[in-house]
Amino acid sequence: MGGTEGFVADLLGRMTLQEKIGQLGLFAAGEGPATGQAGGPALGELIAAGQVGSVFGTKSFDTVARFQEIALKESRLGIPLLFAEDVIHGHRTLFPLPIGLASSFDMALVEETAEAAAAEAAAEGIHQAYAPMLDLCRDARWGRVAESPGEDPWLAARYAEAMVRGFQGPDLRAPGRLAACLKHFVGYGAPMGGRDYDAASIAPHELFDAYAEPFRAGVAAGAVSVMAGFHALNGVPMHAHRALIEGWLRGVCGLEGVVVADYTAIRELQAHGIGGRDAVTVQALLAGVDLDMISGDYLACLPRLAETGIADAESGTAASAQEIVAAIEAAAGRVLALKHRLGLFDDPYRGATRAGAAAAPLRPETRALARRAASASAVLLENAGALPLAESGQTIALIGPLADDRSNMLGTWAVSGDPQAAVTIREGLAASANTVLCAKGCNLVEDPAVVDRLNFVPGTVSPDPRAEAEMIAEAVEMAARADVVVAVIGEAKEHSGEAGSRAELDIPAPQRRLFAALRETGKPLVAVVLAGRPLMLGDVAAAADATVLAWFAGTEMGNGLADLLYGRAEPTARLAVSLPAHPGQVPFHHGASETGRPWPGEWRKFTTGYLDLPGEQHPARGLYPFGYGLAYTRFALGAPVVERAMLAGPEESVAVRVPVENTGARAGTAVVQLYVTDPVARIQRPAQELKGIARLTLAPGAAGEAAFTLTRDDLAYSLPRPDGSVERVWDPGRFILRAGLNARDTASVEVDWRP
């Protein structure tokens with residue numbers, strides 16, 4: 001044996017059982033927000049004793065160096081530590097929230113942002129990013145949609161590939177690269193009621209064709225680690241789900257790397273009701289969870305269980321001492337192999353130095369990328385000619401509690417970002433020849449209990465003590481002196497993210513009252529919505545002369561948004577998740593299967609939908625469908641043109657072309673989407689599935705073709721077997737191809753594809 005395999009085998013042969021278990025321990029450095037077990041001297045003692053394999057949550061190179069030196073010099077074998085961090089949408093330089101990056105529909109841009117984030121984090125001694133988050137989200141109530149690539153499995157799979165390429169590159173050992181960790185495996189984004197951490201129930205074919213597809217793609221792209229979800233899936237808590245972790249993730253997808261527990265999740269298995277501490281510890285180990293984050297249960301329980309085995313009749317947990325030892329050996333081997341692949345045994349710091357760490361953050365080129373990403377992620381929802389704004393000769397009234405806010409620009413899960421480095425929207429718009437007047441207008445929220453909850457991250461919300469009437473009057477007076485009003489409204493950054501579920505999806509009430517008062521001024525009104533989730537924007541869009549969903553776009557949000565509003569950047573973002581008209585619609589998504597009552601002639605009462613929500617019957621339901629977004633020009637699309645009607649072999653492909661014309665007066669980029677419908681199959685299929693995106697930049701009056709390629713695999717689906725397994729099949733015959741600028745407005749052609 002040579003290479004990594006031989007190295008790991010030799011090292012394991014020199015380790016005690018206790019040291020092998022120690023490699024499975026993952027603990028917090030004790031910096032940043034206090035969310036659990038802290039580091040400090042106690043952590044240092046564990047490291048010296050060889051009882052810690054990985055550390056997360058470091059906030060400086062000095063902390064990395066301090067703990068790594070203990071591991072190298074004081075532990076018996078000097079095995080280096082692996083350092084990890086939540087590099088969700090940037091490190092020191094923050095990029096748009098993942099839902100915003102996914103809405104760029106630009107995977108080259110996504111890859112660039114991941115590469116830049118990796119470079120900043122690696123310069124501080126970090127080796128692994130707890131990202132990308134790949135949980136499909138079809139319920140806007142769930143707060144972690146902010147970290148998600150949205151509702152569509154095809155788009156999420158491409159996002160997964162781009163993030164893995166950006167983090168890991170072609171050589172994981174190369175400077176500036178991180179190990180990607182796909183999370184949260186699997187189905188975590190479908191909790192009951194949209195409540196974070198709650199259980200999910202997902203049919204097998206939907207599980208593998210939708211929720212698991214981004215993980216399959218990420219592993220195929222080379223991801224070296226995966227994190228399990230907090231939830232129970234179809235009655236089995238994920239951290240004990242041997243069939244999906246060992247069976248599917250490793251056995252079918254071929255994951256060779258490590259599986260990481262989420263925060264205290266192994267200990268939380270007891271609360272799921274599947275056993276006591278010993279039982280759940282063994283269940284997690286045998287399921288294939290390698291790294292025990294925070295709980296310390298592997299460290300506390302496995303040495304004893306490796307001698308005695310376990311036979312717990314109440315939980316049905318049984319394993320011999322030999323089985324437990326073998327599982328420990330396998331898990332420790334995977335952890336050591338990852339460290340070897342990262343090059344930690346050759347250079348435990350991977351080139352990171354104190355000087356390099358100081359020079360890495362917020363470089364001009366990284367900020368320029370963040371600026372470009374901010375404009376590329378903002379979705380233009382409506383425009384009655386109010387945008388783009390003129391860059392000179394105007395007075396702009398910039399109104400709203402988020403208009404000159406710095407603390408919220410970075411968005412949720414910006415754990416290493418400095419809000420003081422962020423560019424506010426006022427600063428971005430004011431960097432022009434216009435006069436920009438600015439007023440807060442109202443408080444972001446009015447409920448003191450909500451304020452306290454949002455300020456879990458201190459400084460998120462700072463209520464103005466003035467009366468609301470006084471603040472609105474000031475804003476209205478300012479609007480009266482302006483040529484155009486830009487109202488910046490929406491959520492606080494901590495409205496979304498982990499444990500950020502909401503039952504209501506409205507803009508908060510004080511801001512709705514402010515917006516109504518601004519509308520009454522009669523001045524042209526542009527609504528800029530900041531959010532980490534889909535919100536109900538019907539009233540806003542109906543009242544505004546233009547509406548932009550800007551998400552939270554990071555360090556350069558002010559400049560990037562100004563580029564879009566002034567027309568220096570074209571609107572090219574498209575919704576990665578549908579926007580509901582009412583919270584009663586959720587969960588839903590553009591590919592939801594038809595029912596037996598789609599529209600039965602004159603008996604329109606007896607159809608799927610809501611009596612009080614007309615027009616809801618279309619599969620791509622909601623106020624704004626998946627893939628929607630306007631440009632500063634207009635495009636006309638024709639029906640798809642198919643090369644031929646034969647798919648002779650599994651590897652054979654068919655070209656599909658869609659004619660596109662720019663019918664407007666300005667150059668722009670059409671983001672053409674190709675959907676496939678399989679109208680007759682062995683099980684009920686989605687109403688449509690996204691299978692490709694093509695970006696086509698055209699001058700005014702110019703025409704072109706968007707090109708796509710389809711293979712037999714694009715037409716295949718997962719068919720459950722009676723034994724609970726699934727097989728991948730396709731049904732030759734009739735298919736419908738739909739092309740459009742969103743999931744609802746499409747032109748179609750029917751084809752008959754056979755071998």
Side-chain angles (χ1 to χ4, degrees), residues 102-110 150 152 154-155 158-159 162 372 375-385 387-388 546 548 564 567-576 578 590-591 618-620 624-645 653-677 687-711 714 735-751 753:
S103 292
S104 75
F105 274 45
D106 185 345
M107 296 306 113
L109 174 65
V110 171
D152 184 82
W154 188 92
L155 182 66
R158 305 294 80 76
Y159 177 89
R372 179 159 56 91
S375 58
S377 65
V379 184
L380 180 62
L381 297 175
E382 299 287 352
N383 188 19
L387 293 176
V548 176
L564 186 78
R568 297 188 292 253
E570 290 293 318
T572 57
R574 304 294 181 258
L575 290 174
S578 308
H590 75 86
H618 194 287
Y624 295 104
F626 173 86
Y628 179 88
L630 301 179
Y632 285 151
T633 188
R634 297 180 303 278
F635 300 99
L637 269 62
V641 178
V642 183
E643 178 185 45
R644 64 178 184 276
S653 63
V654 173
V656 179
R657 300 183 303 278
V658 178
V660 185
E661 182 182 1
N662 182 346
T663 60
R666 181 178 174 125
T669 299
V671 183
V672 185
Q673 301 147 44
L674 183 67
Y675 298 87
V676 174
T677 297
Q688 59 187 14
E689 295 179 292
L690 179 67
K691 293 299 179 182
I693 295 168
R695 300 166 66 88
L696 198 63
T697 301
L698 296 171
E705 285 186 334
F708 302 89
T709 301
L710 292 176
T711 67
D714 292 312
F735 293 89
I736 301 171
L737 306 187
R738 308 176 191 272
L741 297 174
N742 61 70
R744 180 183 295 161
D745 305 312
T746 58
S748 64
V749 64
E750 189 170 302
V751 297
W753 273 331

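Note that the numbering runs from 1 along the sequence shown for the chain.
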With the side chain counted from C-beta on, respond yes when Q673 and L690 share a heavy-atom pair under 4.5 Å apart, and no when they do not.
yes
Spatial distance of atom CG (L575) from atom CG (L155) [nearest 0.5 Å]
11.5 Å
Check for a donor-acceptor pair, side chain of N662 on one end and backbone N or O of R666 on the other, with a separation under 3.5 Å.
yes
Any heavy-atom pair between the side chains of V548 and N383 that's under 4.5 Å?
no
Is any side-chain heavy atom of V660 closer than 4.5 Å to a side-chain heavy atom of V672?
yes
S377 OG to R372 CZ distance, which is reported to the nearest 0.5 Å
12.0 Å
Just wondering, do F105 and Y159 contact through their side chains at under 4.5 Å, heavy atoms?
no
S578 side chain to P625 backbone, donor-acceptor under 3.5 Å
no
Mind checking whether L710 and L674 have side chains closer than 4.5 Å, heavy atoms only?
yes
Would the distance check show the side chain of E705 and the main-chain N or O of P659 forming a donor-acceptor pair, the cut-off being under 3.5 Å?
no
Start with the C-alpha gap between S104 and V110, add the side-chain angles, then the distance that decides, and say whether side-chain contact (heavy atoms from CB on, under 4.5 Å) holds.
CA-CA 8 Å; S104 75; V110 171; 4.3 Å; yes
Separation between CD (E689) and CH2 (W154), nearest 0.5 Å, reads 12.5 Å
Looking only at heavy atoms, which two atoms of L109 and A376 are closest? And how far apart?
CD2-CB, 3.6 Å
Angle between ring planes, W753 versus F735, binned at 30° and 60°: parallel, tilted or perpendicular?
tilted
Nearest non-hydrogen partners of G664 and P700, listed with the distance
O-CB, 3.5 Å
Check G567 against Y632 and note the closest heavy-atom contact, atom names and distance.
CA-CE1, 4.0 Å
Donor-acceptor pair, side chain of K691 and main chain of V676, under 3.5 angstrom
no
What are the two closest heavy atoms between S748 and I736, and how far apart are they?
CB-CG2, 3.9 Å
If you apply the rule salt bridge (charged side-chain N to carboxylate O under 4.0 Å, His left out), what do you find for E643 with R657, and how did you get there?
CA-CA 8 Å; E643 178 185 45; R657 300 183 303 278; 5.9 Å; no
Kindly give the heavy-atom pair with the smallest separation between P640 and A739, and that separation in Å.
CG-CB, 3.7 Å
Considering all heavy atoms of both residues, which atom of A665 and which atom of T633 are nearest to each other, and what is their separation?
N-OG1, 3.9 Å
Close side-chain approach of L380 and L387, heavy atoms under 4.5 Å
yes
With no hydrogens and no angle check, is any side-chain donor or acceptor of T697 less than 3.5 Å from a backbone partner on T669?
no
When you compare the side chain of L741 with that of F635, does any pair of heavy atoms fall below 4.5 Å?
yes
Report the residues that fulfil side chain to side chain contact (heavy atoms under 4.5 Å, CB included) with A702, sequence neighbours left out, ordered by chain and then residue number.
L698, A699
D745 side chain to N742 backbone, donor-acceptor under 3.5 Å:
no
With a 4.5 Å cut-off on side-chain heavy atoms, are V654 and T709 touching?
no
Rounded to the nearest 0.5 angstrom, the OH-CZ distance for Y675 and R738 is 11.0 Å
Excluding sequence neighbours, so at least two apart, what forms side chain to side chain donor-acceptor pair (under 3.5 Å) with D152?
H590
Indicate whether any N or O donor in one side chain lies under 3.5 Å from an N or O acceptor in the other, for R574 and S103.
no
